[in-house]
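Take a look at the structure below.
Position 1 is the first residue of the sequence; numbering continues from there.
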Amino acid sequence: MMVNSTLSYFILGAYMHVGGLKYFYFMLTAMLYIVIVISNTSLIVVICMNRSLHGPMYLFLCGLFVNELYGSTGFFPSLLLQILSDIHTISASFCYLQIFCLYSYANIEFTNLAIMSYDRYLAICFPLQYNTLMTSKKAVIFIIVIWLYCIGKFLITLSLNIRLKLCGNTINSLYCHNYLVAKLACSDSKVNNIYGLFAIFVSLSVTLLPILFSYIKILKVCFSGSEQTRQKAVSTCTPHLVSLLNFSFGCLFEILQSRFDMSRVSGMLRIILSLYFLLIQPLLNPIIYGLQMSKIRNTCKHLFCYKMLAGHRDAM
């Protein structure tokens, strides 16, 4: 096949012909996207508008919800267009933009969750010094550094991939995938491979080590501490662990699917699981944190009741 370094578009080869059902899938996907936007935006507004929720933990949550909106917006509009289209192509520029959005989203998600685990470690193991060790100002600095670090790190990866000469333009996926685009390369990709291994090592060090360190320390305190300490640890760490394990599962399957032969798995199941980390995580986080965190839950109830009463008075 002829080498082409200036491809104008890519073909997304994982879409199946569904006939008239495409309108049903479009409506279902659009509804899910609307729910994601409304739920995450509502919690961002609740946190920003209430001074009692301006503590470090809630600021990290706000950063998490903003990231869910960022990742969803990088994926769902394109998916909706592809569902309605009979020819599943995407321009090269938009493909690389989507790769940037989705990969930086995943990096930000993991790094934010890692910092949140460290924040929980400080809150549970050093309750008296917590307000000094982790202030709202420090939390904002952490969030800014997380975004700059993740975006900068992946910009290097993307710039290395864009320079590759490609021998094809078909990606066997529902969306643009960095690894699958790199597999189309005909030119020497040794630099990409070396930097890729370095980036994986750095990512694991930045995310995995703080999570393991924090939860080992929390477990030690729980086993040696009082019943009240254990209850506090369970109530604050459960949503974080659920979110972390859920996102890890979704990303792990997508990594395995892109690198190994998954032809034995049914096409529909592969599609569902490939969408898992992009669909479930933005839906799950507002639910588990909105219901589990008592301050957020009570603030939402108060706002809802206030609006209901205001509406009733206006009607009278």
Side-chain angles (χ1 to χ4, degrees), residues 60-61 63-72 74-75 95-121 138-139 141-164 173 175-183 185 189-217 240-260 273-282 284-285:
F60 287 129
L61 284 177
L64 201 66
F65 299 142
V66 170
N67 191 45
E68 306 304 353
L69 291 176
Y70 168 63
S72 299
F75 172 67
C95 186
Y96 286 119
L97 178 62
Q98 187 177 61
I99 288 172
F100 171 75
C101 290
L102 297 185
Y103 276 75
S104 56
Y105 156 72
N107 275 275
I108 292 166
E109 190 82 2
F110 271 123
T111 312
N112 204 334
L113 288 169
I115 295 297
M116 287 173 69
S117 69
Y118 180 70
D119 174 70
R120 292 302 81 211
Y121 154 70
K138 288 180 181 178
I141 293 171
F142 269 124
I143 293 167
I144 293 170
V145 170
I146 286 169
W147 280 74
L148 291 177
Y149 155 74
C150 293
I151 288 172
K153 182 165 70 72
F154 191 72
L155 274 175
I156 298 172
T157 304
L158 192 61
S159 63
L160 289 172
N161 276 5
I162 289 173
R163 72 178 182 83
L164 293 173
S173 177
Y175 54 90
C176 289
H177 200 297
N178 186 60
Y179 178 76
L180 296 179
V181 170
K183 277 179 70 176
S189 58
K190 188 182 293 183
V191 175
N192 298 60
N193 294 333
I194 292 170
Y195 179 76
L197 290 172
F198 170 74
I200 290 170
F201 174 76
V202 171
S203 297
L204 289 175
S205 301
V206 169
T207 57
L208 197 60
L209 290 179
I211 291 168
L212 290 175
F213 170 81
S214 300
Y215 275 102
I216 288 169
K217 292 291 186 181
H240 179 266
L241 276 173
V242 171
S243 179
L244 178 63
L245 292 173
N246 175 72
F247 195 66
S248 299
F249 168 77
C251 289
L252 179 62
F253 179 83
E254 188 58 11
I255 291 169
L256 292 175
Q257 180 174 242
S258 64
R259 284 162 174 77
F260 299 99
L273 289 174
S274 68
L275 296 176
Y276 186 91
F277 84 101
L278 292 165
L279 176 62
I280 303 301
Q281 190 74 359
L284 182 68
N285 276 341

(Q) Measuring from atom CG of Leu284 to atom CD of Glu68, what distance do you get when rounded to the nearest 0.5 angstrom? (A) 9.0 Å
Q: Classify the ring geometry between His177 and Tyr179 as parallel (under 30°), tilted (30 to 60°) or perpendicular (over 60°).
A: perpendicular
Q: Rounded to the nearest 0.5 Å, what's the gap from CD on Glu254 to CG on Leu102? Could you check?
A: 9.5 Å
**Q.** From CA spacing to verdict: side chain to side chain contact (heavy atoms under 4.5 Å, CB included), Phe142, Phe60
**A.** CA-CA 9 Å; Phe142 269 124; Phe60 287 129; 3.8 Å; yes
Q: Could you tell me which non-hydrogen atom of Ala185 sits nearest to which non-hydrogen atom of Leu164, and how far apart they are?
A: CB-CD1, 3.8 Å
Q) Do Leu61 and Phe65 pass the side chain to side chain contact (heavy atoms under 4.5 Å, CB included) test, and can you show the C-alpha distance, the side-chain angles, and the key distance before you say yes or no? A) CA-CA 6 Å; Leu61 284 177; Phe65 299 142; 4.1 Å; yes
Q) Parallel, tilted or perpendicular for Tyr276 and Phe249, by the 30°/60° rule? A) perpendicular
Q: Tell me, yes or no, whether the heavy-atom count around Phe198 atom CZ, taken from other residues, nucleotides or ligands under 6.0 Å, exceeds 12.
A: no
Q.
Is any side-chain heavy atom of Asn112 closer than 4.5 Å to one of Asn67?
A. no
Q) Do the side chain of Ser159 and the main chain of Ile156 share a donor and acceptor less than 3.5 angstrom apart? A) yes
Q) Would you call the rings of Tyr175 and Phe75 parallel, tilted or perpendicular, where under 30° means parallel and over 60° means perpendicular? A) perpendicular
Q) Taking all non-hydrogen atoms of both residues, which atom of Ser203 and which atom of Lys153 are closest, and how far apart? A) OG-NZ, 2.7 Å
Q | Inter-residue atom distance His240.NE2 - Leu244.CG, 0.5 Å rounding | A | 5.5 Å
Q) Does the pair Val202 and Tyr149 meet the rule for a side chain to side chain contact (heavy atoms under 4.5 Å, CB included), with working shown? A) CA-CA 11 Å; Val202 171; Tyr149 155 74; 3.4 Å; yes
Q. What is the minimum heavy-atom distance between Pro210 and Ala114, and which atoms define it?
A. CB-O, 4.2 Å
Q: Using a 4.5 Å cut-off on heavy atoms from C-beta on, say whether the side chain of Asn161 contacts that of Val181.
A: no
Q: For residues Ser243 and Gln281, report the shortest heavy-atom separation together with the two atoms involved.
A: OG-NE2, 2.8 Å
(Q) Using modelled atom types and a 3.5 Å cut-off, is there a donor and acceptor pairing between side-chain atoms of Ser214 and backbone atoms of Ile211? (A) no
Q. Do the two ring centres, one from Tyr121 and one from Tyr118, sit under 6.0 Å apart?
A. yes
Q: Please lay out, stage by stage, how Phe110 and Ser248 fare under the test side chain to side chain contact (heavy atoms under 4.5 Å, CB included).
A: CA-CA 8 Å; Phe110 271 123; Ser248 299; 3.5 Å; yes
Q) In Å and rounded to the nearest 0.5 Å, what is the NZ to OG distance from Lys217 to Ser117? A) 14.0 Å
Q: Nearest 0.5 Å please: distance from the CZ atom of Arg120 over to the CG atom of Leu241.
A: 12.0 Å
Q: Mind telling me whether Phe247 and Tyr105 have parallel, tilted or perpendicular rings, with 30° and 60° as the class edges?
A: perpendicular
**Q.** Asn178 backbone acceptor or donor facing Tyr103 side chain under 3.5 Å
**A.** yes
Q: Would you mind reporting whether Thr207 and Leu113 have side-chain heavy atoms less than 4.5 Å apart?
A: no
Q) Roughly how far, to the nearest 0.5 Å, is OG of Ser274 from CG of Leu279? A) 10.0 Å
